[in-house]
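Below: one structure, written as structure tokens.
Throughout, residue positions are numbered sequentially from 1 according to the sequence presented.
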Amino acid sequence: MTARSTTAALPVPAAGSADAVHALLAAGSIANISLVSTEHARCVSYDLDTTLLPQAVDSPGIDKKTARLLDALAAILVSRAQHEVIAIGAQVQHSNNLSDQSGKLQLVLAANAALPQTIQAYLEEVWKCMQLLAEHRQQLRLPEAKDQCARMAELIYRHNFPKFLRRVGKREAAALRFHEAMQNHISREDVLQYDSTAAVIAMLTSYSELIDLFSAHQVGGKNEVSVDVVSDPNFLPIMDGLWLAFRLLRSLGEHSFHSWGLRLPDHSTVELWRFFNKVTLIHGSIAELESVARSTRLYRLFQKKLVVEIVDYPRKRVTLPTSKDAWATLIDTTLNSAQPLKPIEPQVIQSTAAALSTRFSDKSVLCGIHCECKILQRFTTTAYKIKPINYIGVSKLSCTGCAAVFNSYNELQNSRDHRFYTRGAHGKWYFPWFLPEVGGVEQIDFTNRVYSKLAGQYAQYLKTVALSDSSALSEGSQEASGTAKDWMRLRAKALQNLDKIKA
């Protein structure tokens with residue numbers, strides 16, 4: 001690797017600057033880099049024992065139940081079918097009177113795009129449902145309590161329906177073919193002998209019932225299903241069955257599902273594990289909200305006045321390198337900063353620079369701050385008398401840029417009390433993306449550290465040139481194995497399905 005002269009009249013961002021950070025994110029985004037830094041991997045060493053997509057951080061200052069609540073709330077706030085990510089932070093203010101459990105809970109929302117105007121009213125309605133569940137937490141088996149749970153579930157599914165519908169239909173053909181293949185090759189003895197077989201059959205049967213229900217509520221083409229399907233008396237029972245089967249299957253370990261190979265008769269393979277994880281995401285989030293509402297430790301949270309704040313910051317313009325040579329100089333400077341063990345071949349640098357110059361022909365790009373970073377900026381630049389909760393819920397795993405932001409900020413903090421976390425990163429690089437401002441640390445130190453992390457990962461990418469996609473989401477921890485009654489219900493459903501097919 002030969003350092004390129006930086007005295008040339010090329011508009012190249014200085015190493016460690018915010019412009020260099022933005023240019024690196026742009027470079028990584030077209031390479032489809034999927035690397036999670038070792039620093040971030042250490043931060044996500046255990047998960048939340050939840051079915052939400054994956055992991056929380058290994059920090060003694062984070063309450064698992066509160067983190068699960070914030071992740072569940074972020075998940076149910078999503079309403080668009082695509083391209084919507086929402087983050088939520090919280091601050092709790094207690095009453096000065098120790099005998100009074102009232103006070104204020106402030107929820108701070110941010111999104112990568114504009115939030116719908118109805119989002120606040122929707123969140124307040126969900127919160128009212130949780131307040132009623134918390135108030136009657138010891139009578140949750142009464143019909144009134146069950147009705148309240150159903151009301152909240154319907155409210156959430158109506159809001160989330162475009163996203164839910166897209167998730168359900170994304171692998172429909174493959175899932176139904178796999179179901180048919182299993183029905184033709186599985187016996188009653190297999191269901192009775194193997195828990196994983198019973199769970200897979202029951203899950204696929206529930207999914208097939210859901211597709212049939214959608215067909216009965218079509219309003220136009222195949223993908224045009226009326227949102228009123230969530231009010232159908234069969235909808236929630238079907239989702240309960242699907243959720244139970246997937247949850248119990250997960251309790252056996254991820255290998256239990258993968259042991260089938262997911263190979264269809266035509267020898268194609270599909271990530272059905274990941275697919276059903278997403279299909280059941282909202283139901284898992286609803287179950288989490290119900291659990292928190294009846295928690296003996298957190299139910300008092302719902303006695304507080306809810307205040308919702310929406311945070312946004314204007315997008316800013318980023319100027320990228322203006323030529324192939326300028327991109328090559330930027331890459332060379334990045335490699336000098338990262339100091340890879342082996343030099344990068346010049347042709348790799350030149351071909352990469354050429355691709356970047358072609359891709360970003362518009363040298364000026366309007367960029368926004370990602371939602372979790374918006375909340376980090378808000379929390380760290382505002383003089384709060386009571387510090388916000390140091391966990392930020394996000395509806396999707398963080399990108400590489402956001403992971404570098406949180407890791408860098410936390411490393412610069414002398415006290416754990418001032419660090420902030422999200423549940424993990426998927427390892428992909430996204431652009432447009434803009435570096436947030438943070439308080440409590442020197443911005444230049446923060447920017448340099450973010451740049452250093454991204455430079456190291458980009459150098460690792462160039463060293464391997466082409467990496468396989470390693471961004472498959474972690475599925476979280478193994479959950480409790482379920483009660484004997486749960487397994488009896490599941491086997492009965494699987495056997496009933498087989499008997500019907502083989503009759």
K128 and E125 ion-paired at < 4.0 Å: yes

NZ/NE/NH1/NH2 to OD/OE distance under 4.0 Å, E84 and K163: no

Quick one: pull up [atom1] in [X] and [atom2] in [Y] and give me the separation to the nearest 0.5 Å.
{"X": "T352", "Y": "W327", "atom1": "OG1", "atom2": "CH2", "answer": "11.0 Å"}
{"X": "R247", "Y": "D240", "atom1": "CZ", "atom2": "CG", "answer": "10.0 Å"}
{"X": "I76", "Y": "I88", "atom1": "CD1", "atom2": "CD1", "answer": "8.0 Å"}
{"X": "C129", "Y": "L289", "atom1": "SG", "atom2": "CG", "answer": "10.0 Å"}
{"X": "Y421", "Y": "F406", "atom1": "OH", "atom2": "CZ", "answer": "11.0 Å"}
{"X": "F446", "Y": "N448", "atom1": "CZ", "atom2": "CG", "answer": "11.0 Å"}

Which atom of L133 lies closest to which atom of A293, heavy atoms considered: CB-CB, 3.9 Å

Do we see a donor-acceptor contact under 3.5 Å between the side chains of [X] and [Y]?
{"X": "T422", "Y": "E372", "result": "no"}
{"X": "E309", "Y": "Q106", "result": "yes"}
{"X": "Q120", "Y": "E124", "result": "yes"}
{"X": "H83", "Y": "N112", "result": "no"}
{"X": "S291", "Y": "K65", "result": "yes"}
{"X": "W243", "Y": "T280", "result": "no"}
{"X": "Q413", "Y": "Y409", "result": "yes"}

Parallel, tilted or perpendicular, as decided by the 30° and 60° cut-offs, for the rings of F302 and W127: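 Rings of W127 and F302: tilted, 30 to 60°.
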
Aromatic plane relationship, F161 with F164 - under 30° parallel, 30 to 60° tilted, over 60° perpendicular: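 The rings of F164 and F161 sit tilted, inter-plane angle from 30° to 60°.
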
Check: F431 ring centroid to F360 ring centroid under 6.0 Å: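 Yes, the ring centres sit under 6.0 Å apart.
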
Distance flag, aromatic centroids of F275 and Y207, threshold under 6.0 Å: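 Y207 vs F275: aromatic centres under 6.0 Å.
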
Verdict with supporting geometry, L356 and L320, side-chain contact (heavy atoms from CB on, under 4.5 Å): CA-CA 10 Å; L356 289 167; L320 298 174; over 6 Å; no

Audit row: V438, Q377, side-chain contact (heavy atoms from CB on, under 4.5 Å) steps and yes/no: CA-CA 5 Å; V438 293; Q377 178 168 329; 5.7 Å; no

CA sep, side-chain torsions, deciding dist, call: L25, Y430, side-chain contact (heavy atoms from CB on, under 4.5 Å): CA-CA 7 Å; L25 261 296; Y430 285 101; 5.9 Å; no

Test side-chain contact (heavy atoms from CB on, under 4.5 Å) applied to I119 and H159, step by step: CA-CA 9 Å; I119 194 76; H159 175 82; 3.9 Å; yes

